[in-house]
Amino acid sequence: MPKPKVLFAASEVYPFAKSGGLADVAYSLPRALHSTYDIDVVMPLYTSINREKFVIESLDEYFEIEMDGVLYPVEIYGCKYEGISYRFVYAPLLCEREFLYGPPECGYEDNALRFGLFNYAIVAMLQKNNYEIAHLNDWQSALVPLLLNENKTIKTKSVFTIHNLAYQGVFDFFYLQKIGLDEKYFILDALEFYSQINFMKAGIAYADVVTTVSPKYAKEILTPAFGCGLEGFLKLHEKKLSGILNGIDTDHFAPPFNEIKGKAVSKKAYLKEAGLKGVSKPLFVFVSRFTWQKGMDLLIEMLPKLALAECNIAILGEGEELYHSKLKAIANENANVHLSFGYDEALSHRMYAAADFLLMPSLFEPCGLSQLIAMHYGALPIVHKVGGLADTVLEYKKCDSETKKGCGLTFSKENAAAFMKAVNTALELYKNKRTYNKIVQHNMLCDFSWNTSAKSYSELYEKIRQKRDNHE
Ligand code: ADP
């Protein structure tokens, strides 16, 4: 029996282009599924992607896509990378840009058009190559289920995964026509959202199943506090919504040690690299996009207090300018605070390997990967108890040999005082080396891989494939 064909679409995929966790998931989930499915991963061929390095070549597949009377030629490229087959959509409108979505502060004005085109190209590929399942991710590919609904000759079933509800792809009504969609979709049950159009709504309304990346976030987004204005709409589609935790690819995130002793070597090397002093002091790290979601304001309020303690703090990230300057001011005042601005995958791995604690005060967190990576590398995350952070990090006091979850420190109230309290507990805990080391060891033995979650996705795929067969 040939394996069922799946097209997995995302706007960013590691190692080709990455701005956050979506790229990690789009890299690692297909790898976890490809023994069961004939899976192709598709993304835009941004100019920033190094075609020579990855041997990306034209597949001589061309589509002419029409939107509002304008014809857009699209070319499909491909490559094999680590055994997985990748497809790339190339069109100048979509790809010839400096940034993936726009500079840090805002998206490109014509993103509706750019990603509208991406969606049409995906549908053309689905039709041409007879994929049984399309797995769409976030707003950038959320129109596909709607377009499939429009073209009933294509039998592909769809899974739509919400990685972050805060980014919905909301655009001016003007773009509805520009992306070639009928006004019949400008209704509450489809694209309409406060007089604008909302790509995310198309995925939720028309996909056969909708998932998000943790069970807790799946519940949270049904409430006004986390639903970003879509809570009512999601409630309407609650029956097809479920939460499946992300995993990490443990081949890619592989600590250079498998014992706690080895961790000390990594810490020493990193402190030297960063010019920080004191191997015996706890090292707190923060690796993240600098945006309000990640609890930057809590972090910036808390950091000067933490910096007074006997510890080191290392921060890696990039994002909003305001946060850059506030962090710079703190680092200028405190010799034990080290900043690295920019995006650096290899450096992030060295920091996780060196860290004793990871700071992760996110205001909301659909799943979060940093805490999983940190625990896998033998660090204890200090997390705000929301979404995937609540699902994946158990309070260290509850750590015993029975639990399969990783452990760290958690706080519930969304304020800097609660965060500081958890950090103070961490400082105390670090002094109690026996208990601290026991938790580090526990975390290093936990399974953060895709093993369990890939099975859950397979089950979903099978469920909708059956639906497809029954309809044929
Ligand atoms: P999000 O997807 O919201 O950005 P996640 O925790 O799900 O957050 O995933 C973030 C991923 O991006 C992790 O793999 C993290 O290590 C990585 N990351 C974030 N910022 C940087 C950076 N500046 N340099 C290297 N890796 C980063």
Side-chain angles (χ1 to χ4, degrees), residues 10-29 99-101 104 137-140 161-168 212-214 216-217 221 226 228 243-255 270 273-274 285-296 299 314-320 323-324 327 338-355 358-377 379 381-384 386-393 406 408 448-450 453:
S11 56
E12 52 181 273
V13 183
Y14 179 84
F16 307 105
K18 171 169 166 177
S19 78
L22 170 61
D24 285 330
V25 174
Y27 164 77
S28 52
L29 177 56
F99 300 97
L100 308 189
Y101 316 117
N137 295 279
D138 274 349
W139 72 264
Q140 295 89 345
T161 299
I162 300 169
H163 295 261
N164 194 337
L165 195 63
Y167 305 95
Q168 297 176 7
T212 187
V213 289
S214 70
K216 176 125 195 224
Y217 192 61
I221 56 179
F226 295 92
C228 305
I244 301 175
L245 270 181
N246 284 336
I248 55 171
D249 187 297
T250 45
D251 291 331
H252 176 65
F253 290 108
Y270 172 73
E273 171 186 344
V285 307
F286 180 79
V287 178
S288 182
R289 293 180 291 124
F290 295 161
T291 176
W292 62 276
Q293 179 208 332
K294 297 297 177 181
M296 290 303 296
L299 182 80
I315 292 170
L316 166 64
E318 62 183 354
E320 289 159 39
Y323 295 128
H324 283 236
L327 287 171
H338 180 76
L339 293 181
S340 306
F341 288 142
Y343 186 87
D344 190 334
E345 185 80 20
L347 173 59
S348 76
H349 290 212
R350 295 199 294 282
M351 288 173 68
Y352 288 119
L358 175 85
L359 301 168
M360 205 160 172
S362 309
L363 305 187
F364 68 93
E365 195 57 78
C367 177
L369 294 176
S370 295
Q371 84 280 14
L372 302 180
I373 303 167
M375 292 190 284
H376 186 57
Y377 279 70
I382 303 173
V383 303
H384 185 206
V386 286
L389 297 176
D391 279 339
T392 57
V393 182
F448 300 109
S449 75
W450 274 102
S453 296

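Count residues from 1 along the sequence. As the structure lists them, so they are numbered: ligands from 1, and atoms in each ligand from 1.
Only the side chain of I373 comes within 4.0 Å of ligand 1, counting heavy atoms alone; its backbone N, CA, C and O stay farther away. By the criterion of a heavy-atom distance under 4.0 Å, neither the backbone nor the side chain of A23 is placed next to ligand 1. Heavy atoms of K294 found under 4.0 angstrom from ligand 1 belong exclusively to the side chain. Contacts with ligand 1 closer than 4.0 Å are made by side-chain heavy atoms of K18 only, the backbone lying farther away.
Atoms CG and CD, on L22 and Q140 in that order, are 7.0 Å from each other to the nearest 0.5 Å. We find the CZ-OH distance between F253 and Y377 to be 6.5 Å, quoted to the nearest 0.5 Å.
Classification of the F364-W292 ring pair by plane angle, with boundaries at 30° and 60°, yields tilted.
Here the protein heavy atom with the shortest distance to atom 19 (C) of ligand 1 is S288 CA, 3.9 Å. Of the protein's heavy atoms, G21 N, 3.7 Å lies nearest to atom 10 (C) of ligand 1. Here the protein heavy atom with the shortest distance to atom 16 (O) of ligand 1 is Y352 OH, 2.6 Å. Closest to atom 25 (C) of ligand 1, if we only count protein heavy atoms, is D344 O, 3.3 Å. With hydrogens left out, the protein atom closest to atom 6 (O) of ligand 1 is L369 N, 2.9 Å, a heavy atom. D24 OD2, 3.6 Å is the protein heavy atom nearest to atom 13 (C) of ligand 1. Among all protein heavy atoms, the one lying closest to atom 4 (O) of ligand 1 is R289 NE, 2.7 Å.
With hydrogens and angles left out, the side-chain atoms of T291 and E320 include a donor and acceptor closer than 3.5 Å. Donor-acceptor pairing under 3.5 Å is recorded for the side chains of S370 and Y352. A side-chain N or O of E12 and one of Y101 form a donor-acceptor pair less than 3.5 Å apart.
Residue-ligand proximity, G20 to ligand 1, at heavy-atom distances under 4.0 Å covers atoms 2 (O), 4 (O). Atoms of ligand 1 lying under 4.0 Å from any heavy atom of S348, numbered from 1 in the order shown and given with element: 25 (C), 26 (N). Annotation for ligand 1: atoms under 4.0 Å from non-hydrogen atoms of G342 are 22 (C), 23 (N).
Put simply, no part of S362 is less than 4.0 Å from ligand 1, judged by heavy atoms.
Among Y343, Y14, F364, the residue whose heavy atom sits closest to atom 26 (N) of ligand 1 is Y343.
Across P15 and Y27, no two heavy atoms sit closer than the pair CD-CD1, 4.4 Å.
Considering only heavy atoms from C-beta on, M375 comes within 4.5 Å of V393 through its side chain. Counting only heavy atoms from C-beta outward, the side chains of Q293 and S288 never approach each other to under 4.5 Å.
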Ignoring hydrogens and angles, write down the donor-acceptor pairs under 3.5 Å from the side chains of residues 243-251, residues two or more places apart or on other chains.
| residue | atom | partner | partner atom | Å |
| --- | --- | --- | --- | --- |
| D249 | OD1 | D251 | N | 2.9 |
| D249 | OD1 | H252 | N | 3.0 |
| D249 | OD2 | R31 | NE | 2.8 |

